[in-house]
Amino acid sequence: MSQAARRLTKADLHLPCKRQAVYLLGKILARRLDDGSVLRGRIVEDECYLGGEDKASHSYNGRQTAGNEPMYMPAGTTYVYFIYGMYCCFNISSLEPGAAVLLRALEPIQGQEQMGKLRAAKQKSPLKSPLKEKDLCNGPSKLCMSFNITKNNCNKIDLTESEVLWLEDDGFEVEKKDIVTCKRVGIGSAGEEWVGKPLRFYVLGNPHVSKRDKKTEKKMSESD
DNA sequence: ATGCAGATCCGCT
DNA sequence: GCGGATCTGCATC
């Protein structure tokens, strides 16, 4: 780590969804495990899920249930949900009621060995090849496995107060020209209008991103 | 590099 | 009942 990291506060996270998603790129997610050790990863990819109109969002049409309640809580509250019978995804609520940012990929910067163990422990069958660092957290459910984030232990947490999960700024900045803005992933059934919205953000050239959008990257390089 | 099937189960209709 | 903000392995180009 380059310099002393500052913990993010309520004021830092008091942002509407899209601005929060962009703001979070380059920030650090920190996780304290039961044994006291701390894992850290830099956020390199995230996605917005808006409330109300957004057909891909769990809060579509203002739908509020016991499950998605954290999306309606103050900005900086965690929303973890269980998906596909075996995975979790990790979100951070933003300013608008019902809106949240899904973390899709992290660049591991501390505790890689522990992350590897946590990932391996979740595998059904033994790994054929050892996990490479870039494969530890390059997907929304992978980062949950590597950080031991489950609905059970990390849902509905205030990231500005928690002792087990928080955000940091270590001074690292992602340049605006290095932010790729493109379509979200995995929401094919949500209706074309919303599938196409540019609500995913990632750091250009970072090898820890889950899925690149080469068409968008090409357009960016052409308009230099 | 891209694509598809299968695993697997909670929460909502 | 049913579908899903995913991942892995295997097939094919």
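Convention: sequence-line order gives letters A, B, ...; per-chain numbering from 1.
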Report the nucleotide, chosen from dT8(B), dT6(C), dT8(C), that has the shortest atom-to-atom distance to any side-chain atom of R119(A).
dT8(C)
From dC10(B), dT6(C), dC7(C), nucleotide with atom closest to M145(A) side chain:
dC7(C)
Please confirm whether the ring centroid of Y49(A) lies under 6.0 Å from the ring centroid of H58(A).
no
Can you find a side chain N or O atom of K142(A) that sits less than 4.0 Å from OP1 or OP2 on dT8(C)?
yes
Strictly below 4.0 Å: does K151(A) bring a side-chain N or O up to OP1 or OP2 of dG11(B)?
yes
What is the separation between atom CZ on F201(A) and atom P on dA5(C), rounded to the nearest whole Å?
19 Å
Base-pairing assignment for dT8(B) (Watson-Crick or G-U wobble, both under 3.5 Å):
none
State whether a side-chain donor-acceptor pair under 3.5 Å links T216(A) with D213(A).
yes
Pick the nucleotide of DNA chain B nearest each of G85(A) and G67(A); which residue has the one closer to the 5' end?
G85(A)
Nearest-angstrom distance from the residue atom OH of Y81(A) to C1' of dC9(B):
15 Å
Atom CZ of F82(A) to atom C1' of dG3(C): distance rounded to whole Å?
14 Å
Identify whether any heavy atom of R184(A) sits under 4.0 Å from a base atom; if not, whether one sits that close to sugar-phosphate; answer base, sugar-phosphate or nothing.
nothing
Length of the NZ-P vector between K215(A) and dT2(B), whole Å:
11 Å
Using whole Å, report how far CD of Q64(A) lies from P of dG11(B).
16 Å
E53(A) atom CD: more than 12 heavy-atom contacts under 6.0 Å
no
If you pin Y87(A) and R63(A) to their nearest nucleotides in DNA chain B, which one's is more 5'?
Y87(A)
Rounding to a whole Å, what distance do you find between K134(A):NZ and dC7(C):P?
13 Å
Could you state the CZ-C1' distance from R200(A) to dT6(C), rounded to the nearest angstrom?
14 Å
Closest approach to the side chain of Y79(A), judged atom by atom: which nucleotide of dC12(B), dA5(C), dC7(C) is it?
dA5(C)
Using a 4.0 Å heavy-atom cut-off, does L102(A) contact any base of the nucleic acid, only the sugar-phosphate backbone, or nothing at all?
base
Give a yes or no on whether R7(A) atom CZ has more than 12 heavy-atom contacts from other residues, nucleotides or ligands under 6.0 Å away.
yes
Rounding to a whole Å, what distance do you find between L143(A):CG and dA5(C):P?
16 Å
Any stacking of Y84(A) on dG4(C), going by centres under 5.5 angstrom and planes within less than 30 degrees?
no
Below 4.0 angstrom, N of the basic side chain to O of the carboxylate: do E168(A) and K27(A) qualify?
no
